[in-house]
Amino acid sequence: MTESTPERVRAGGRGEDFYRSFLVGYGALFFAPHPVSGALFLLGTFASGPLLGTAVLVGLFAATSTAHFLRRSRLELEQGLYGFNGALAAFAVFSLEGEASSQLPLVALAAALSVPLSAWLMDGPWGQRLGFPVLSLPSLIVGFPLAVWLVHSLGRNALPATTLPAHLVGSSVFDPGLYGPSMRTAVGGLGAQWPLIGFFLCGVAVHSRRLLAHVVVGVLLGGGVGFAFLGWVGAFDFSFVIVTALPTYLALGAVFTGGGWRSAAYGAAGVVLSFAAWFALGLFLTDRDLPLLTAPFLLSTVVGLGLLRALPAGGVTGLPSLLPLHQVASPASAERWATEREFGWRYWQELAGDLAADAGAPSDSRRMERARKLVARSRRTVVLTGAGISTESGIPDYRTGAVAWKQYDTDHFRFGRFMASEESRKAYWRMSQDFFLVLRAAQPNAAHDAIASLDRRGTLEAVVTQNVDRLHQRAGVAFERVVEIHGNEHGVTCLQCGRQYDREEIYRWIQNGVEAPYCSSCQGILKPDSVAFDQPMIESESARALTAVARCDLLIVAGTSLEVQPVASLPLVALRAGKPLIVVNLQATDYDCFAEVVLRGSCGSILPEICREAAGR
């Protein structure tokens, strides 16, 4: 019983459109608007009873033909929005005793009348303003007056299988006898229905396997609620479990809401509500010899959807989102829509929070002044730098993809592959040669100069850098104060004998045609002194970094988002020792909330400003 409010697109009655909408309409009765699903449901109905199958065919044909005659939207027809109420009209008529020769024309009339009612509901306030699906309302609007006329004017009787069971009017609905032979009696009638059940499950699975899972859950919930109140008879009562509880759970828990645990819990609550509606309406209608039809399902589903519609636009914690009708398709699409909507809502909420925080946060000038004072008071400053400080010198950063790093197969850059494969060593050296050309041309920028000014003033404890470019040393920082935690690209070492080479020498070898250089002393593998992927960290440099951070009285993090471990955890050492932290970076870091000052922007513009007062003392 899916729903939509598509843009009006008039369509003629081409044969293929007619038969597709004919079958999709019956599939939509069980929330599976797919032609194959509809065909399987139809086979199941014929397996249950040829006469009932014929009545459903007549109802589908009459409703679909009327919708085509009224030139309803092709999209509405393809989604089966008219056929399923025609089929329900057939069930309504055949819930009463009578001869087939007189009932089949009534089915055709009731099914045809359900179409303009469906169109009126979809085009009017019900669908447009309230945003409610038509569900089974048209068939009930037609079916109940017809049933009243047949029962009270023609003396027809409602079939026992479609009315409230007789035990509900007894002295107690918790009769212990229900838990013995009554269970076997309740289950006994299912034997002849296995073909119907099989076709039904296959039809649901064709449309959506997730919908099939929801069907299983809905049946179990319906059986559990029925058992809780009525014992085994309630657990296997077709009119409650299949006609009322299952579609209520599917509507509220899978089809018209956003999916997930909230929708499942809401659908389960809807099943309990549907039992109350089924029980109360059953007593009322049974006393008047009228069939229940789908009235309990409609009532409980409309109440559940109405509650969600009445909620504030932002929703209520713990309750699911109500889907717009044009988004209704399958449980998977409902969950996808809800996930995307939640993402959008969370984005704007976070943005609103950020704006509110910024309104109450210190101004940029105040933050800058606070950072200057911290730097001026410090006597042992440690600066932890990353790629962001060197990008302003024209050296690309790997993580942001500023250059063509992606032209290389990075699997070759892993230390294990480098050691094991000649081909990987050749690929590694091709990349390294290109990178070294960039490093040779790079010059220190204002950020490097600002840090070097601290060294000249004698307040710099150390620079712990993740960069391999040696721009800090070229800017004037003493070599002994620079901790190259990831090594550098300016040296080359033999991994077998330890002989060291100047990179310029190896650069010339490669320029002269050497693809993978080897040690001239022992023919061992040569590798640049930078740390490759998966290569162990340089323990001596790590020890120096830890000692420096432990001794410092101020840590400045500059040009790094602190995403590469273990260096990313180094600020934690300072924070746990009570040292103040300044973060200077374009993007957020995990430590922003712990920092004394966070300054967003380029290192080249900010570091000279905050180091100026210290350098001028």
Separation of F240 CZ from F229 CZ (nearest 0.5 Å): 8.5 Å
Would you give the length of the straight line joining atom CZ of F41 to atom CZ of F199, rounded to the nearest 0.5 angstrom? 12.0 Å
Side chains of S300 and S274: donor-acceptor distance under 3.5 Å anywhere? no
Does any part of the side chain of W126, heavy atoms only, come nearer than 4.5 Å to the side chain of V302, both counted from C-beta? yes
To the closest 0.5 Å, what do you measure between CZ (F46) and OG1 (T54)? 4.5 Å
Where A63 and G83 come nearest, the two heavy atoms and their spacing: CB-CA, 4.2 Å
What I'd like to find out is whether the side chain of F297 reaches to under 4.5 Å of the side chain of V243, using heavy atoms alone. no
Side-chain donor or acceptor of Q103 paired with backbone N/O of L96 under 3.5 Å: yes
Solution key, residues 138-149 side-chain donor-acceptor pairs under 3.5 Å, sequence neighbours excluded:
{"residue": "S139", "atom": "OG", "partner": "N85", "partner atom": "OD1", "Å": "3.3"}
{"residue": "S139", "atom": "OG", "partner": "S136", "partner atom": "O", "Å": "2.8"}

Determine whether V303 and L273 make a side-chain contact, defined as any pair of heavy atoms from C-beta on separated by less than 4.5 Å. yes
Would you compute the distance between atom CG of L121 and atom CG of L81 and round it to the nearest 0.5 angstrom? 12.0 Å
Quick one: does L246's side chain get under 4.5 Å of H214's, heavy atoms only? no
Write down the atom of T244, the atom of P296, and the distance for their closest heavy-atom approach. CG2-CB, 3.7 Å
OH of Y82 to CG of L70, rounded to nearest 0.5 Å, is 8.0 Å
Would you mind reporting whether L293 and S95 have side-chain heavy atoms less than 4.5 Å apart? yes
Test F256 against F31 for side chain to side chain contact (heavy atoms under 4.5 Å, CB included), laying out the working first. CA-CA 10 Å; F256 296 113; F31 300 107; 3.8 Å; yes
Heavy atoms of L29 and A87 approach each other most closely as CD2-CB, 4.4 Å
Minimum heavy-atom separation for M122 and V134, please, with both atom names. CG-CG1, 3.6 Å
Report the distance from atom CG of L51 to atom OG1 of T45, rounding to the nearest 0.5 Å. 12.0 Å
F91 vs T294 side-chain heavy atoms within contact, under 4.5 Å: no
Can you name the nearest heavy-atom pair linking G306 to F132, along with the distance? CA-CZ, 3.5 Å
Considering residues, nucleotides and ligands other than R209, do more than 12 of their heavy atoms fall under 6.0 Å from its CZ? no
Step by step, would you call F94 with L104 a side chain to side chain contact (heavy atoms under 4.5 Å, CB included)? CA-CA 9 Å; F94 271 75; L104 289 176; 4.0 Å; yes
S37 side chain vs V204 backbone, donor-acceptor pair below 3.5 Å: no
Going by heavy atoms in the side chains, are Y249 and T301 under 4.5 Å from each other? no
Locate the shortest heavy-atom distance separating T66 from A112; write the atom from each residue and the value. OG1-CB, 3.5 Å
Does a sphere of radius 6.0 Å around OH in Y591 hold more than 12 heavy atoms from other residues, nucleotides or ligands, not counting ones at 6.0 Å or beyond? yes
Within a strict 4.5 Å, meaning less than it, do heavy atoms of the L42 and L60 side chains meet? yes
Is the F30 ring parallel, tilted or perpendicular to the Y26 ring (thresholds 30°, 60°)? perpendicular
Is there a side chain to side chain contact (heavy atoms under 4.5 Å, CB included) between R72 and D123? Walk through the geometry before answering. CA-CA 11 Å; R72 297 300 297 176; D123 296 340; 3.0 Å; yes
Verdict with reasoning, L40 to F200, per side chain to side chain contact (heavy atoms under 4.5 Å, CB included): CA-CA 7 Å; L40 290 169; F200 173 73; over 6 Å; no
Who passes side-chain hydrogen bond (donor to acceptor under 3.5 Å, both in side chains) against S561, sequence neighbours left out? N585
